[in-house]
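Presented below is the structure to which this report refers.
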Amino acid sequence: MIHGHDDIPFFDDDDEPRKPAPRSGETSGQTGGLAARAMAARRAPEAPDYLTGLNPEQRDAVETIEGPLLVLAGAGTGKTRVLTTRIAHILASGRAYPSQILAVTFTNKAAREMKERIGILVGGAVEGMPWLGTFHSIGVKLLRRHAELIGLRSDFTILDTDDVIRLIKQLIQAEGLDDKRWPARQFSSMIDGWKNKGLTPELIPEGDARAFANGKGRELYKAYQDRLKTLNACDFGDLLLHPIQLFRENPDILKEYHRRFRYILVDEYQDTNTAQYMWLRLLAQRPGEDDGPLNICCVGDDDQSIYGWRGAEVDNILRFEKDFRGAKVVRLERNYRSTAHILGAAGKLIEHNDGRLGKTLFTERAEPDDDKVQVHAAWDSEEEARAIGEEIEQLQRRGELLNDMAILVRASFQMREFEDRFVTLGLNYRVIGGPRFYERLEIRDAMAFFRLTCQPADDLALERIINTPKRGLGDASVRKIHDYARARDIPMLAAAREMIDTDELKPKPRKALFDVVTQFTRWQELLETTPHTELAEIILEESGYTEMWQNDRSAEAPGRLENLKELIRSMDGFESMRGFLEHVSLVMDADQNEEMDAVSIMTLHSAKGLEFKTVFLPGWEEGLFPHQRALDESGRAGLEEERRLAYVGLTRAKRNCHIWFVSNRRIHGLWQSTMPSRFLDELPEDHVEVGETEVSYGGYGQSRFDRAAPFSNTYATPGWKRAQENRTDATRDNWGTRSGHAVERIGYGESGPRGRMIEGELVARSSEETASRFSVGDRVFHLKFGNGNIAAIEGNKLTIDFDKAGQKRVLDGFVTPA
DNA sequence: TCAGAATGATTTTTT
DNA sequence: ATCATTCTGA
């Protein structure tokens, strides 16, 4: 059953054959519980080490090796363990060589972790697993092998979003279009969306094509793809699309891979987008007998699908059984992470979603002392941060580690408040998922120098740094070089070299260009002879780039220099500069210092897959969570995804979970009153406790979390703002001709929570707002800031000089005449 | 060509 | 409020 080297002549990375390990005993039919586990152990005494300690479902998932298998792995049910053990099992039982297993993950982190854990299981004997990686890195590997078949050279560059946007902008301008009206950023994300759906320019829907650039969307997309080919470059989407095209157009090559990949494993299947799905289908389809059986195992959790907004299709996982005939489904519902209260709360919440495959997590843990999920209220976000800070300090005093605590927010702007507070308190914190190391300006600049040295055809790199540091080669000069290069169909660096001998440029830029071209020529020569770290230093030094930052007096400059040093240090581990560049384009990871004991602050999205003993979930308010924009843009589906996000948040907690909501939040500089999240009402009472709060402001209303809100609620959405602005514009003619935005809203009706709508249904909200009741100079009272005088009015926004708090801008709904 | 001023957009994030 | 990008005038 194992193909030897001869079968697959064009692969050069086959591992040496391994001695097949004895096959494990068969297990079947356990009915759960410890007894079953014990029975299983007794029945198969010869079971290899790695299988012991798995529960019956896990073991089923590991040992169901043949045929399609979907593992529905709830949060904290040992998903990674199953995946890695399964691979170990395939290897140890001699069913395949490491190189015959295709294992795909979404992030580099997950891939790394999996490699590590397989290493531990199999005793480190397995070198590599050459086909374990992200969809993208495997895509690159395929493309480098077969580049010429899709019109690239195998040393193609991978562009990052920055490059892509600059490139698109050029194309938009080249089309003679207004790049204001048609932002490159927007088009770039459209292309991204298409590529996520597996759509090449010919395939995009007519409507999409018309929606951009005066109907030139399709042409523009095509032009973009052409330009990439010319540049010998790929964007991230291409790393998925090109392999699909490759396989479709070259059945023989596809067949080779069919033979090669005996086993396919996919992690986080609920996050696959259409292109990834197509990619997988191509590899998993086995039309011929000699292609071998279809051994695909997808692991995922439909309840944790939170990336719909970037193209993930939950439907892929929901459809699995239909897609793969005879598929077996194993549910992992036994949770090893959280208390029964946390699971109870999370489970009840997620039940409000439709279209689930249906799982109910349970635990065998029975600790009567476990705390319920706590819900707390605060007046505003400042107080929320203060209270959470206090709670954290208290836990710390009790000897808890900060490393065991996390604050999970919906949107990153919420982090600021916590950071500020923790700085004041002197509390260590760590922000996870901020701007990545390789995305920083100075790193990108440095990389552009390196790229252009290694790849003289990398025009985008050239454009980035040709005038950095300032050399007097501004837009005009760059444009000339660009046009010259385009006209002759040569790379810009080559064009620049030629232009030194012409009088296209004025003497000053010409001299500058001569200098910089000469430098690159020199560095290219050094590439062969000088160690790459040394060369990197030389480049940064000679280009004047280091000097530029040394002369920079701004606060960030020293940090940037430090980052540059760090960049060079990190090159050490690579063979060559080229190897380093490849790594960077795909593995954009920054390292966090793990040693420090610190509270983690991150978004709910980046918390997926992590766990903490104590979790704080601030900001459970309508509009923020669920996020208004998710509701506006995706309606019910958006709401359900938000709910899954809440589910992810809750299930990160092992022991304690504290949810917070506030009644006033400042968004974009304006104070807004907020309503408690509908998700709070969806939590079951028996697992939730409403925490006592120092600052109470009236009792709870109909909803347990509802205070008697003295203010009309306001919304922060662009649409709502616009409506309000229109309103003020139209006050003169008394609403009559308000040029109409129909304000549609999900959730509460005009009478507040009492008039709650059916979830997710779009409902027109009647707008009964009156014109501002105030005029400049009025004396008013604000609950947070106290008394003050109105200094200015713009629409419904009041600028008020408060007696104590100074000048603030607030919405008029917040103040009452004093 | 560059610096300061206006403009605008601010969910979530990977690769 | 805040940040990034783009525009305008020197």
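Every chain is numbered from 1 and lettered A, B, ... according to where its sequence line falls, protein lines coming before strand lines.
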Quick one: is [X] getting a side-chain N or O under 4.0 Å of the [N] phosphate, OP1 or OP2?
X: S412(A); N: dT12(B); result: yes
X: T603(A); N: dT13(B); result: yes
X: N467(A); N: dT1(B); result: no
X: T105(A); N: dT14(B); result: no

Measure [atom1]/[X] against [atom2]/[N] and give the value in whole Å, please.
X: L670(A); N: dT2(C); atom1: CG; atom2: P; answer: 13 Å
X: L624(A); N: dT12(B); atom1: CG; atom2: C1'; answer: 11 Å
X: E417(A); N: dT2(C); atom1: CD; atom2: P; answer: 12 Å
X: R310(A); N: dT12(B); atom1: CZ; atom2: C1'; answer: 9 Å
X: I466(A); N: dT1(B); atom1: CD1; atom2: P; answer: 12 Å
X: L631(A); N: dT12(B); atom1: CG; atom2: C1'; answer: 14 Å
X: I158(A); N: dT14(B); atom1: CD1; atom2: C1'; answer: 14 Å
X: L408(A); N: dT13(B); atom1: CG; atom2: P; answer: 12 Å

Quiz item: In terms of the nearest nucleotide of DNA chain B, which residue is placed more toward the 5' end: I306(A) or F135(A)?
Solution: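 Its nearest nucleotide being more 5', the pick is I306(A).
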
Quiz item: With nearest nucleotides of DNA chain B determined for A476(A) and F106(A) from heavy-atom distances, which residue corresponds to the more 5′ nucleotide?
Solution: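 Looking at DNA chain B, the more 5' nearest nucleotide goes with A476(A).
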
Quiz item: Stacking check: are the rings of H668(A) and dT2(C) less than 5.5 Å apart at their centres and under 30 degrees in tilt?
Solution: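 No, the aromatic ring of H668(A) does not stack with the base.
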
Quiz item: Does W309(A) stack onto the base of dT12(B), taking stacking as ring centres under 5.5 Å apart and planes under 30° apart?
Solution: yes

Among the candidates [options], find the nucleotide nearest to the side-chain atoms of [X].
X: R410(A); options: dC2(B), dT12(B), dT15(B); result: dT12(B)
X: H605(A); options: dT10(B), dT15(B), dT12(B); result: dT12(B)
X: S606(A); options: dC2(B), dT1(B), dT13(B); result: dT13(B)
X: Y307(A); options: dT13(B), dT15(B), dC2(B); result: dT13(B)

Main-chain N/O of [Y] paired with [X] side-chain donor or acceptor, under 3.5 Å:
X: E642(A); Y: H627(A); result: yes
X: E384(A); Y: G619(A); result: yes
X: S305(A); Y: D301(A); result: no

With sugar-phosphate meaning primed atoms plus P, OP1 and OP2, does [X] contact a base, only sugar-phosphate, or nothing at under 4.0 Å between heavy atoms?
X: E633(A); result: base
X: K169(A); result: sugar-phosphate
X: S189(A); result: nothing
X: G139(A); result: nothing
X: I165(A); result: nothing

Quiz item: Between F156(A) and R144(A), is there a cation-pi geometry (under 6.0 Å to ring centre, at most 45° from the normal)?
Solution: yes

Quiz item: Is the charged tip of R310(A) near the ring of Y307(A): under 6.0 Å from the six-membered ring centre and within 45° of its axis?
Solution: yes

Practice problem: Before giving the answer on side chain to side chain contact (heavy atoms under 4.5 Å, CB included), spell out for E419(A) and I601(A) the whole-Å C-alpha distance, their side-chain angles and the decisive distance to 0.1 Å. | Solution: CA-CA 8 Å; E419(A) 294 193 59; I601(A) 305 176; 4.3 Å; yes

